[in-house]
2 protein chains.
Amino acid sequence: MKRIAILGSTGSIGVQTLDVVRRNPDLFRVEALAAGSRLDLLEGQVREFQPSVVSVADEAIARELKQRLADHSPSLWIGHSAEGLERAATLPIVSLVVGGLPGSAGLLPTFAAVNAGKDVALATKEVLVMAGSLFMETVRRKGVKLLPVDSEQSAIFQCLEGNQHAAIRRLILTASGGPFREMAPEEMAQVTVERTLEHPRWKMGPKVTVDSATLMNKGFEVIEARWLFDVSASRIEVVIHPQSICHSMVEFEDGSILAQLGATDMRIPISYALAYPERIDSGVAAIDFAHLGSLTFRKPDWDRFPLLRAAYSALDDETGASSIILNAADEVAVELFLSRRIGFMDIPRIVLDALNSVPPARVTNLEEIKQFHSDVVTRVQRNAVA
Amino acid sequence: MKRIAILGSTGSIGVQTLDVVRRNPDLFRVEALAAGSRLDLLEGQVREFQPSVVSVADEAIARELKQRLADHSPSLWIGHSAEGLERAATLPIVSLVVGGLPGSAGLLPTFAAVNAGKDVALATKEVLVMAGSLFMETVRRKGVKLLPVDSEQSAIFQCLEGNQHAAIRRLILTASGGPFREMAPEEMAQVTVERTLEHPRWKMGPKVTVDSATLMNKGFEVIEARWLFDVSASRIEVVIHPQSICHSMVEFEDGSILAQLGATDMRIPISYALAYPERIDSGVAAIDFAHLGSLTFRKPDWDRFPLLRAAYSALDDETGASSIILNAADEVAVELFLSRRIGFMDIPRIVLDALNSVPPARVTNLEEIKQFHSDVVTRVQRNAVA
C-alpha cells in the first residue's frame with residue numbers, strides 16, 4: 001500500500017491520478033490533497049478518498065470547506081496557502097507526492113516534498129524549467145525517485161529503463177504540432193482564443209493548451225528533458241508527429257530506437273509513475289494497430305514557431321536564468337492572450353523580446369529563482385501594457 | 001573481452017556478426033568459426049580473426065582448408081561435420097555462441113552450446129520452432145542467457161527490458177508483408193523464383209526470403225515468440241507494416257506500448273545480443289525521422305497467406321509435434337519451389353496438407369524431435385513428387 005499526496009487534486013492531473021487510484025484501491029491510499037478553490041470537486045474527493053490532510057488556496061475557502069465537511073471525520077486537518085501546501089507535501093506517512101500544481105505555484109511544495117525525502121511523480125513543468133539544475137541536484141542528494149508524469153518525459157523514461165545513460169545517442173521528443181501546424185503566418189496572427197483552445201489532443205488547462213499551439217510547451221519539454229535525463233540540448237531533437245500516438249523516443253548508440261506509444265490519455269504516464277517499476281490497470285484501452293492508419297513524422301517549422309528555438313537558446317545559458325526569463329515572459333504573454341489583450345503572434349514577440357532584453361540574474365537557490373521570476377513577470381507586464 | 005564462437009560464419013548472420021566484432025576489437029575475441037563450404041570467405045575470416053577452432057561441412061572441405069591455411073598458425077584446429085560443429089559450439093574458453101546456422105542443422109550444436117553452459121545469441125529459427133519447449137527448459141536449467149538475434153524477437157526483448165513478465169498484455173510482431181502483400185491471388189499462383197527473391201527488405205538467405213513472401217516466416221516468429229517470451233499464442237498479434245521501420249512492439253497492462261525501431265540492418269540485433277546489456281557501435285546509421293514519411297500498420301490477409309494462420313494452429317498442439325510438421329513440410333516445399341518443381345501457391349498447399357494429414361508423433365527429447373522431423377521430410381517429399 002503506497003501512501004500518496006496529490007498537489008493539485010482538482011486539476012487535470014489530479015483528477016486523472018484519483019481515477020487511477022480508484023481502480024487500484026489495494027495499491028494506493030490518498031493521505032493528502034491540495035487544491036485551489038474548486039470546492040464542489042474537492043469536497044467529493046475528500047468524501048471518497050478520505051485523506052487526513054487537505055489544503056486549499058486561502059483562509060476563506062478553507063473555512064467554507066470546513067463547513068461543508070462538518071459531518072465528516074473530525075480528524076481531517078484542513079489548511080491553506082503556503083503552510084497548508086507544505087504540510088500536504090511533507091506529511092510523514094506519505095512516500096510519494098504527485099506534483100500536479102500548475103505554474104510556478106508548484107515550485108516550493110515540490111522542493112519541499114523532495115527535501116522531506118518523498119518520491120515525486122512530477123507533472124509541474126515549471127520545476128524543471130525554472131530550477132532544473134538545482135532540483136536535480138536536490139533529488140540526487142536526497143536519493144528520492146523522480147518519476148515524470150508528462151507524457152513525453154514518461155515515454156523517454158520508459159524507453160530508458162534497462163538501458164545505460166552512456167548508451168543514449170539522442171532523445172527524440174514528438175510534438176503534435178498544435179492546432180496551427182499547417183496554418184499560414186498571416187492567418188496565425190488572427191487566431192482567436194476560442195480557436196486556440198478548441199479540441200486539444202490532450203485534456204489540459206488553458207495555459208498548456210496555448211503553449212502547445214505556440215510550441216512553447218515543446219520548448220519547455222526540451223528544457224525539462226535536458227535536466228531530467230542529463231542530456232545536452234544538442235542531443236535532443238523535436239519531430240512533428242500530428243497523430244500523437246508515439247509519445248517520444250530514444251535513439252541509442254547502436255542505432256536502435258525505442259519508442260513509447262499509446263492512446264493520448266494521461267492515465268498511462270500517471271499510473272506508470274504511481275506504480276513504478278510495476279505496471280497496473282490504468283483504465284486505458286488498447287490501440288488497434290490494424291485501424292491506426294499512418295504515423296507521420298516531419299521537421300518542425302522553426303520560423304513559424306520561434307519559441308521552440310528560443311528554448312534551445314535559453315539552454316545555452318548554463319546558469320538557468322534564461323529559462324526563467326523564457327518561462328516568466330511566456331506566463332505573462334499567455335495570460336494577456338487569454339484575456340484578449342494581445343494577439344496570438346504577440347506571444348512569441350513578447351517572449352523573444354524579454355529573452356533579448358532582460359539581463360539574466362545570478363540564481364543559485366530557490367529564493368533567488370523565485371525572486372528573479374517575479375521580477376521578470378513584473379517587468380514584462382509593464383512593457384507589454386506600455 | 002568476451003570470447004565468442006560463430007556457428008554459420010559465412011552466412012548472412014555470421015558475416016554481419018564479424019562486422020560488429022571488427023568494429024569492437026577490444027570487446028570481443030573470435031575463438032571458433034563453423035561454416036559449410038564457402039572456403040574463400042572462410043579462409044579470409046580465419047586469417048583476419050584468428051580463431052583457434054574451425055569447422056566445415058565435411059572431410060574433403062576440411063582437407064582443402066588445411067592446405068589453404070598451411071602457412072597459418074599450426075595451433076589452429078580444423079574439424080568437420082557433427083564433431084567439428086560440436087567442438088566449435090562447446091569450446092571451454094568461449095562464453096557466448098552465436099547460433100547462425102540455417103535450418104535444422106542448427107538444432108544439435110545450439111543445444112550442445114547451452115548444455116555446455118554457454119550464453120547463446122540465437123538466429124536459427126528452427127531451434128525454437130522445432131524444439132521450443134525443450135530448448136527453453138534446457139536454457140532455464142543451465143541458467144544461461146538466451147539473446148535473440150532475429151530482428152523482431154530482439155525488438156520484443158529490448159522492449160521487455162526493465163519490465164515484468166506479468167505486465168505483458170500483448171506482443172505485436174510486425175511483418176513487412178513480403179513482396180506479394182498487394183498481389184491478387186491469381187497472380188500469386190504465377191510468381192517466379194526470381195521475382196520472389198528480388199529485393200528483400202533484409203539481406204537473407206533464399207529459404208527465409210521465400211518464407212517471408214508466404215508469411216510462413218512470420219508464422220515461425222509467432223512460434224518463436226511463444227516460447228522465447230512464454231506468452232500464449234492468443235496474446236501474440238501480427239500486424240503488416242510495409243516500411244519495416246518498427247521491428248515489433250509490446251503492449252503492457254497499463255495500455256503503454258513500447259516499440260523498437262531502426263534501419264533494416266541485422267547489425268542492430270546482433271550487436272545488442274553480443275554486448276547485452278550494454279549497447280555498442282553497430283555501424284548502423286541514425287534514422288532521420290524528418291524524412292521518414294509515413295509508418296503504416298494494417299491487418300494481415302489471412303486468406304491469401306494461410307501459412308500465418310497455420311502457425312497459430314500448430315501452436316494449439318501443446319506437444320510441439322505440429323510445429324515440427326509445419327517446419328519440415330515448409331522446408332520441403334520451399335526447396336521444391338526454389339528448384340522450380342512447384343509453383344508459389346503450391347507451398348501453402350503442401351504445408352497445409354501435411355499439417356492436416358501427418359499424425360503428430362510423441363516428441364519428448366532431441367532425438368525424437370530430429371527423427372520425427374526427418375520422417376515428415378521423407379513423407380512430404382514422397383507425397384509431393386507422387
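Throughout, protein chains are lettered first and strands after them, A, B, ... in sequence-line order, and every chain is numbered starting at 1. Every heavy atom of this structure was used, including side-chain atoms; hydrogens, water molecules and symmetry mates were not. As the structure is a computational prediction, the values presented were derived from the model and not from experiment.
In this structure, the side chain to side chain contact (heavy atoms under 4.5 Å, CB included) partners of A/A273, at least two apart in sequence or on a different chain, are A/A121, A/L147, A/V149. The side chain to side chain contact (heavy atoms under 4.5 Å, CB included) search around B/P306 returns B/P348, B/L352, not counting sequence neighbours. A search for ring pair (Phe, Tyr, Trp, His ring centres under 6.0 Å) contacts involving B/F180 returns B/F344, not counting sequence neighbours.
Ranked by non-hydrogen atom pairs under 4.5 Å with chain A, the options B/I287, B/L292, B/V239 are led by B/I287.
Contacts between A/L258 and chain B at a heavy-atom distance below 4.5 Å involve backbone atoms as well as side-chain atoms. Within the 4.5 angstrom heavy-atom criterion, only side-chain atoms of A/I172, from C-beta onward, approach chain B. For A/A286, the parts lying under 4.5 angstrom from a heavy atom of chain B are both the backbone and the side chain.
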Mind listing the donor-acceptor pairs under 3.5 Å that bridge chain B and chain A?
unit_1	atom_1	unit_2	atom_2	d
B/Q158	OE1	A/S256	OG	2.7
B/N163	OD1	A/R279	NE	2.7
B/N163	OD1	A/R279	NH2	3.2
B/R170	NH2	A/I287	O	3.0
B/D254	O	A/S282	OG	2.6
B/D254	OD1	A/R279	NH1	3.4
B/D254	OD2	A/R279	NH1	2.9
B/S256	OG	A/Q158	OE1	2.7
B/S256	OG	A/Q260	NE2	2.8
B/I257	N	A/L261	O	2.8
B/I257	O	A/L261	N	2.6
B/A259	N	A/A259	O	2.8
B/A259	O	A/A259	N	2.8
B/Q260	NE2	A/S256	OG	2.8
B/L261	N	A/I257	O	2.6
B/L261	O	A/I257	N	2.8
B/R279	NE	A/N163	OD1	2.6
B/R279	NH1	A/D254	OD1	3.4
B/R279	NH1	A/D254	OD2	2.8
B/R279	NH2	A/N163	OD1	3.2
B/S282	OG	A/D254	O	2.6
B/I287	O	A/R170	NH2	3.0
B/L295	N	A/L295	O	2.6
B/L295	O	A/L295	N	2.6

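To the nearest 0.5 angstrom, A/L295 atom CG is 12.0 Å from B/I245 atom CD1.
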